[in-house]
Student: 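For reference, the structure I am asking about is given below.
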Amino acid sequence: MFQAPKGTRDILPPESDRWQALVAVFAEVFGRAGYGLVQNPMFEDIGVFQRLGEGTEVVRKEMYDFFDKGDRHMALRPEGTASVVRAFNQHRPTVPWKVWYLTPCFRYEEPQAGRFRQHHQVGAEAIGSADPDLDVEVIALQHDFYRALGLSQLSLRLNSMGSLGDRQAYAEQLAVWLGQRVGDLDEADRANAADHPLRVLDSKRERTIAAVADAPLIVDSLSDEAAAHFERVQAGLDALGVVYEIDPRLVRGLDYYTHSTWEFVAGALTSAQNAVGGGGRYDGLAESLGGKPAPGVGFGAGIERILLAADAEDALPEAEAAVDVFVVDVTGGDAGRDLTFELRRNGISADRAFDARSMKAQMKVADRSGARLALLVGEDEQESGTVTLRDLRSGGGQTSLPRPEVANEVAQRLAKE
RNA sequence: CGGGCCGUAGCUCAGUCAGGUUAGAGCGCCGGGUUGUGGUCCCGGAGGUCGGGGGUUCAAAUCCCCUCGGUCCGCCCA
């Protein structure tokens with residue numbers, strides 16, 4: 001028998017109800033702020049993702065790439081931003097282009113707590129403006145999204161990578177600094193010291209952490225312009241009541257970030273994978289994807305991890321799925337079919353039993369459905385042109401209704417609640 | 001890619017250490033408890049190639065090897 005591929009999962013009801021709820025909250029928070037939904041292909045020319053940076057493991061060794069029947073080198077999207085920026089380049093919408101997305105992401109890695117080969121992200125991007133207030137807007141909206149879900153034990157780590165020039169100058173300075181201390185680093189980090197010095201900074205290996213404790217920090221070498229940008233972002237977050245802590249060693253995995261870089265961490269998660277969303281500004285990305293220069297800022301947030309964090313905090317409880325009315329028909333199914341559709345077309349949620357089962361069996365299904373009301377049609381009702389209405393919650397009082405009045409009566413009963 | 005633990009009915013698990021007749025339980029599911037009625041209760045039933053393959057043995061869920069999958073840690077990240 002076949003099973004879902006390694007590192008992937010089927011999301012079934014009732015778990016999928018939580019997904020719907022989460023996405024609905026996200027759409028609400030960002031829709032209210034003028035962000036529209038963007039749907040991108042799940043695969044792109046591999047070049048789109050390679051521009052994310054040579055230093056990122058996601059690109060270097062975790063990409064799901066393949067050659068299609070036309071011998072094109074493609075890859076399943078490992079994250080959301082690159083495709084959105086590619087679409088921005090392609091369609092040239094008016095700026096700032098504010099969009100949100102919901103997408104599966106694919107990474108070939110070993111599954112672990114909160115880590116899958118296919119995971120899902122919601123995210124948002126604002127492209128075409130360098131205004132630091134957009135950094136603030138995106139971060140604050142992400143923050144509000146988590147709050148709306150009921151998550152409270154999150155912390156926000158914030159850093160600035162400076163402008164493209166700042167970043168590059170700092171990387172060179174850091175490479176030199178690291179070059180004099182390669183021997184002090186953990187072996188696993190030595191390879192990165194020259195080519196990807198920034199990656200060494202947020203290494204989690206003890207030896208490396210000790211070795212870089214007094215390394216120069218990028219916040220100390222920001223240009224005036226970048227420093228002003230960073231200050232404006234902090235002031236905005238302060239004004240909006242978004243609590244954060246500056247982490248001068250926060251680098252994050254994707255190489256394209258400039259200026260603001262941030263990460264939301266779930267304090268309630270004890271597993272190693274506790275980041276529930278992260279983002280940053282990427283002022284050079286559009287150009288590196290072959291478009292005209294266009295600044296942008298955005299983030300991605302992992303749905304699976306958000307739900308894990310919600311579990312740990314007892315937030316976002318699973319809602320009981322239920323219809324309002326259940327139709328029981330033991331006369332062959334015509335009445336059941338017709339009545340359920342009459343109700344549904346009148347805006348009432350209704351379900352029925354199938355397979356011509358006994359009344360007792362159908363009543364059990366009715367009970368399980370969570371319906372408040374049951375409509376019963378047996379031989380007596382069929383002959384007299386009536387339907388028996390039974391209240392499943394209050395001990396089971398029954399009334400007989402003329403068939404034409406059923407929809408109205410049911411609607412009135414439900415309205416009372 | 002390195003390491004630890006685990007894989008028995010739809011679900012949660014017992015049985016594996018000391019190999020031995022038709023592999024069990026609870027929950028769930030299906031049917032019944034006479035004359036059309038759920039949620040409680042009672043009775044009955046279906047459902048498992050014991051992850052897969054190979055080996056040892058008269059005999060393997062149980063021992064050995066390989067493999068696949070799950071889970072967790074390193075690492076990476078959402």
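Numbered from 1 within each chain, the chains take letters A, B, ... in sequence-line order. What you see is a predicted model; the values in this text were computed from it and never measured.
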Student: Could you tell me the separation between the CD atom of A:Gln121 and the P atom of B:rA78, rounded to a whole number of Å?
Tutor: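 Going from CD in A:Gln121 over to P in B:rA78 covers 6 Å.
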Student: Mind calculating the distance between CD (A:Glu109) and C1' (B:rU71) to the nearest angstrom?
Tutor: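 In whole Å, B:rU71 C1' lies 16 Å from A:Glu109 CD.
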Student: Sort out the partner of B:rG2 for me: Watson-Crick or G-U wobble, both distances under 3.5 Å, none otherwise.
Tutor: B:rC73
Student: Check this for me: does the side-chain of A:Arg107 come within 3.5 Å of the base of B:rA78 through a donor and an acceptor?
Tutor: yes
Student: Provide the Watson-Crick or G-U wobble partner of B:rA60, both distances under 3.5 Å; none if there is no partner.
Tutor: none
Student: Indicate whether the side chain of A:Glu381 and that of A:Thr388 have a donor and an acceptor atom separated by less than 3.5 Å.
Tutor: yes
Student: Would you state whether a donor and an acceptor, one from the side chain of A:Glu381 and one from the base of B:rG36, lie under 3.5 Å apart?
Tutor: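 Between B:rG36 and A:Glu381, which were checked side chain against base, a qualifying N/O pair under 3.5 Å is present.
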Student: Tell me the interatomic distance from A:Leu389, atom CG, to B:rU37, atom P, rounded to whole angstroms.
Tutor: 18 Å
Student: In whole angstrom, what separates A:Met363's CE from B:rG31's P?
Tutor: 14 Å
Student: Would you mind reading off the distance between A:Gln112 atom CD and B:rC6 atom C1', rounded to a whole angstrom?
Tutor: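 My rounded result for the distance is 16 Å.
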Student: Using a cut-off of less than 4.0 Å, is there contact between a side-chain N or O of A:Arg393 and OP1 or OP2 of B:rG39?
Tutor: no
Student: Below 3.5 Å, does any donor atom in the side chain of A:Arg368 face an acceptor in the base of B:rG38, or the other way round?
Tutor: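 Not at all, since no donor on one side and acceptor on the other fall under 3.5 Å apart.
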Student: Measure distances between side-chain N and O atoms of A:Asp367 and base N and O atoms of B:rG38, and say whether any donor-acceptor pair falls under 3.5 Å.
Tutor: yes
Student: Return the value, rounded to whole Å, for the distance between atom CD of A:Gln398 and atom C1' of B:rU37.
Tutor: 7 Å
Student: Could you tell me whether A:Gly279 contacts a base, only the sugar-phosphate backbone, or nothing, with contacts defined as non-hydrogen atoms closer than 4.0 Å?
Tutor: nothing
Student: Look at the side chain of A:Glu110 against the base of B:rC75 and say whether a donor-acceptor pair falls under 3.5 Å; ignore hydrogens and angles.
Tutor: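 No pair found.
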Student: Contact class for A:Arg205 (heavy atom, under 4.0 Å): base, sugar-phosphate, or nothing?
Tutor: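 Sugar-phosphate contact only.
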Student: For A:Glu245, does the CD atom sit with more than 12 other heavy atoms under 6.0 Å from it, leaving out its own atoms?
Tutor: yes
